[in-house]
Amino acid sequence: MTGTSNGFAVRTERVSRQYAMGQALVHAVDDVSIAVRAGEFVALLGSSGSGKSTLLNLLAGLDRPTSGAIYAHEQNLAGMTSQELAHHRSHTVGMVFQAFNLLPRMTLEENVELPLRLAEVDRAERPARVREAVERVSLAARLSHRPSELSGGEQQRAALARALVNRPTILLADEPTGNLDSVTGDAIMHLLQEINRNLQMTIVMVTHDKVRAARYAHRIITMRDGKLVTEGVSDEIA
Amino acid sequence: MKLRDLTELAARNLREAVLRNSLTTLGIAVGVASLVAMLSLGVGLQELASTRLSRSGLFDAVFVTTQSNMRAFGGPPRPLAERASTQPARKLDDDARQQLAQIKNVVEVYPEVRFPTEVQFEGKPYMTTVAGIAASARADGAFDEMKGAFFSGPEANEAILQIELARDLSKQTDSLIGKDLVLRYAEKQALPPDDVTPVPKHSAADDAPASGGFSLVPRELKLRIIGVVETEPATGFGGFGRGRLLIPLQIAQNLRIAQPTDMREMLRGNTGKPTYETLTVRVRSPKAVEAVEDTIKQMGFGTFSILDATKNMMLFFTVFDSLLLIFGSLALTVASLGIVNTLVMAILERRREIGILKALGAADRDVRRLFFVEAGAMGLLGGVLGVAMGWLIGRALTIGTNAYLKRQELPAIDISSIHWWMVALAIGVSFFVSLAAGMYPASRAARLNPVEALRYE
Ligand SMILES: Nc1ncnc2c1ncn2[C@@H]1O[C@H](COP(=O)(O)OP(=O)(O)OP(=O)(O)O)[C@@H](O)[C@H]1O
Ligand SMILES: [Mg+2]
């Protein structure tokens with residue numbers, strides 16, 4: 001949405017994240033530098049354990065790098081206080097997960113309202129914001145339903161509405177279709193594409209599905225053992 | 001997050017684990033209840049003791065004796081030689097009485113007139129103890145709850161019965177009022193001075209006609225019963241609470257009753273002027289007692305006041321109260337451990353939820369506050385509930401005690417007393433203790449790593 005001086009929504013500079021496993025060091029993300037332009041739809045590919053989720057969590061400000069820098073709109077997340085990181089998660093990025101992660105005892109409406117509470121959005125403004133987000137994923141009729149009363153596809157759409165309700169500039173999705181059948185998964189992919197196009201939302205999506213990545217994303221970034229492998233441009237981008 | 005949103009989320013969380021949270025809250029309530037019950041019992045008993053004592057008219061009284069008398073109470077006996085070397089103790093006679101009455105803040109000075117004797121009521125004899133009651137005794141509270149009336153005047157031939165005597169005389173104690181009884185006593189009559197052989201040296205200075213001895217003459221006095229009193233009013237030093245038949249002091253003095261001490265006085269040759277064994281000095285207010293007592297001591301008399309004794313009683317209650325407080329606090333401590341346990345359990349259970357909240361933008365601070373609000377709410381609710389329970393316990397104790405007292409035919413008392421400051425204190429303590437208990441769980445929840453919390457399905 002908002003352009004930055006150099007046109008990058010988010011980029012990393014030689015970022016690493018290591019875990020100490022007893023004596024051994026696990027290099028979950030190892031010296032990775034990527035740059036994602038504002039409005040770009042990027043797919044992050046790689047085999048299991050290659051570090052995709054770790055990188056995504058670093059971009060989200062949910063985790064801190066061991067070394068290197070992460071810039072979101074040229075603000076370095078590595079130098080932020082935990083309070084500022086919380087603000088980044090609340091206002092700049094929206095997240096969706098493979099497991100949907102809706103709160104089971106809240107209705108759809110309450111789940112979508114939750115980020116507004118956390119961001120201290122005025123109460124009077126909230127119903128309209130919730131409606132806007134829910135309508136975008138075509139779930140306006142299910143507002144009072146609990147997650148258990150929704151299908152998998154509907155739950156992921158609800159999670160998408162929740163990720164969008166605070167009007168972030170970057171959407172981070174970790175295997176959003178991983179728990180869905182192919183038809184439902186395609187519907188979600190369509191929705192992501194639509195959001196990317198209509199809202200100029202920058203999207204970074206982790207996936208195992210090369211075919212879908214090639215069909216929907218502008219660009220594919222592949223990881224292996226925490227490192228970057230290639231940067232290919234999919235056919236779709238002109 | 002705004003407080004209102006925090007509260008709504010906290011309320012939702014509390015409702016979701018309603019059984020566990022209500023049990024925890026109940027635990028706090030029980031802790032607070034025991035604190036309140038013990039506090040109210042401590043304060044109630046203390047109030048009971050001090051109102052009873054002030055009813056007895058002892059708080060505004062100073063009992064005066066000659067110094068030699070005073071030493072007889074407890075002090076080590078002094079060798080004869082030393083006793084001889086000191087000045088003779090000052091006599092407690094009418095001059096002294098006048099002088100005592102002049103002291104600032106003194107309302108009345110009167111001797112203790114109390115003697116065992118026989119009364120006749122409806123033809124039957126009863127042994128009892130008569131006590132002379134000073135006019136100022138009316139104000140000391142002992143007669144506040146009496147049946148009937150106080151003496152119509154200082155020289156009225158009237159009697160007030162202490163309830164024990166009244167019960168001896170009749171089953172319907174109220175019906176006694178208005179009836180007459182006859183007091184039978186022995187009057188002292190002076191003998192002419194020439195009958196006496198030894199003339200004491202210092203009696204030459206006395207201008208009153210010194211009498212050498214006396215004879216005893218039986219007399220009767222008709223008295224009208226005008227009241228019945230439950231409490232036993234003070235009549236003097238060492239004699240409080242033992243007068244059963246109360247008559248105006250003036251009447252009692254005019255009777256010139258033969259006292260057991262008369263014999264000793266006569267043998268010592270102090271027969272010239274009447275001296276008093278003790279005098280009671282009634283002071284305007286308990287606050288003035290200390291100053292009056294000091295003045296009297298400087299005049300060369302021995303004094304005793306109940307304030308000395310109450311200091312010990314207050315010490316006892318301080319110890320008693322702190323013991324109650326310690327047990328109440330222990331109960332509350334156990335309850336606050338319950339809060340810690342419940343909230344730590346909640347963290348384990350809500351790991352994923354906390355991770356989600358953080359992913360959606362919750363700061364550590366928000367998570368911490370959420371747990372604090374939950375702990376505080378349980379504390380507040382437990383506090384209110386606990387005060388109610390504590391009040392009920394206090395009531396139950398009072399009702400139980402009074403049921404027992406009634407069977408013993410004793411008057412009802414209120415042993416527990418709840419004040420507003422106790423309510424505020426209990427709820428406040430419960431709230432802050434709960435917040436303190438929530439501190440550890442809250443900071444643990446706030447530090448939870450969201451990536452790890454979200455990893456597992
Ligand atoms: N907290 C941790 N402690 C130790 N090692 C970890 C931790 N988190 C991740 N790892 C390791 O880091 C590596 C990368 O993990 P990550 O979850 O990023 O992989 P991924 O590419 O998302 O895999 P998948 O496709 O299965 O989700 C793995 O080898 C993992 O075991
Ligand atoms: Mg992963």
Side-chain angles (χ1 to χ4, degrees), chain A residues 17 19 28-29 53-58 60-64 80-107 110-123 126 147 159 162-166 168 172 174 178-179, chain B residues 1-22 342 345-374 377 442-457:
Chain A
R17 178 67 167 99
Y19 292 104
V29 170
S53 295
T54 306
L55 182 60
L56 200 75
N57 288 334
L58 288 172
L62 214 51
D63 196 5
R64 286 174 182 278
M80 283 185 180
T81 63
S82 73
Q83 191 72 34
E84 288 166 334
L85 277 181
H87 187 269
H88 166 78
R89 293 196 298 272
S90 179
H91 292 85
T92 311
V93 299
M95 292 190 86
V96 285
F97 306 88
Q98 178 176 0
F100 318 135
N101 282 338
L102 296 168
L103 293 186
R105 290 189 183 87
M106 289 188 176
T107 63
E110 289 165 333
N111 263 292
V112 175
E113 192 197 1
L114 201 52
L116 299 174
R117 288 185 197 262
L118 293 166
E120 300 192 353
V121 171
D122 201 57
R123 267 173 187 270
R126 291 181 194 173
R162 188 179 64 180
L164 296 176
V165 75
N166 258 339
L172 304 172
D174 197 344
N179 275 0
Chain B
M1 230 187 325
K2 293 255 168 60
L3 185 66
R4 186 163 162 201
D5 291 298
L6 274 172
T7 327
E8 282 178 11
L9 288 183
R12 171 183 278 283
N13 287 334
L14 289 176
R15 262 185 279 123
E16 274 169 15
V18 73
L19 180 63
R20 189 176 57 206
N21 290 322
S22 351
T342 299
M345 291 284 291
I347 295 174
L348 296 180
E349 227 167 65
R350 278 149 62 184
R351 248 177 93 82
R352 189 167 197 89
E353 182 191 317
I354 296 166
I356 294 170
L357 282 179
K358 285 193 165 186
L360 295 180
D364 293 0
R365 201 183 54 191
D366 293 323
V367 177
R368 190 179 311 120
R369 283 185 186 163
L370 188 60
F371 275 76
F372 262 131
V373 172
E374 287 175 31
S443 80
R444 232 183 89 167
R447 276 187 281 113
L448 196 74
N449 182 343
V451 176
E452 275 171 28
L454 287 172
R455 177 169 300 132
Y456 308 103
E457 242 310 55

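- The greatest number of non-hydrogen atom pairs below 4.5 Å with chain A, out of B:A359, B:A363, B:P450, is found for B:A359.
- Heavy atoms of B:R12 lying under 4.5 Å from chain A belong exclusively to its side chain.
- The candidate with the highest count of non-hydrogen atom pairs below 4.5 Å against chain B, out of A:S90, A:G94, A:P115, A:S82, is A:S90.
- In terms of modelled atom types and a separation under 3.5 Å, the side chain of A:R89 and the main chain of B:A362 share a donor-acceptor contact.
- Note that CD of A:E113 and CG of B:D5 are 7.0 Å apart. Values are rounded to the nearest 0.5 Å.
- For chain B, the option among A:L85, A:L118, A:T54 with the highest count of heavy-atom pairs below 4.5 Å is A:L118.
- When the candidates A:R162, A:H91, A:H88, A:R123 are compared by the number of heavy-atom contacts under 4.5 Å with chain B, A:R123 comes out ahead.
- For chain A, the option among B:E16, B:E353, B:R365 with the highest count of heavy-atom pairs below 4.5 Å is B:E16.
- Note that the NZ atom of B:K2 and the CG atom of A:D122 stand 7.0 Å from one another [nearest 0.5 Å].
- Here the CG atom belonging to B:L6 is positioned 9.5 Å from the CZ atom belonging to A:R117, to the nearest 0.5 angstrom.
- In this structure, no portion of A:Q98 lies under 4.5 Å from any heavy atom of chain B.
- Your options are A:M95, A:H87, A:E110, and the one with the most heavy-atom pairs under 4.5 Å with chain B is A:E110.
- To the nearest 0.5 angstrom, B:L9 atom CG is 6.0 Å from A:L114 atom CG.
- For chain B, the nearby parts of A:L62 are the backbone and the side chain; heavy atoms of each come within less than 4.5 Å.
- With values rounded to the nearest 0.5 angstrom, A:D174 atom CG is found 10.0 Å from B:L454 atom CG.
- Taken to the nearest 0.5 Å, the CG atom of A:N57 stands 11.0 Å off from the CD atom of B:E452.
- Both the backbone and the side chain of B:L357 come within contact range of chain A, judged by heavy atoms closer than 4.5 Å.
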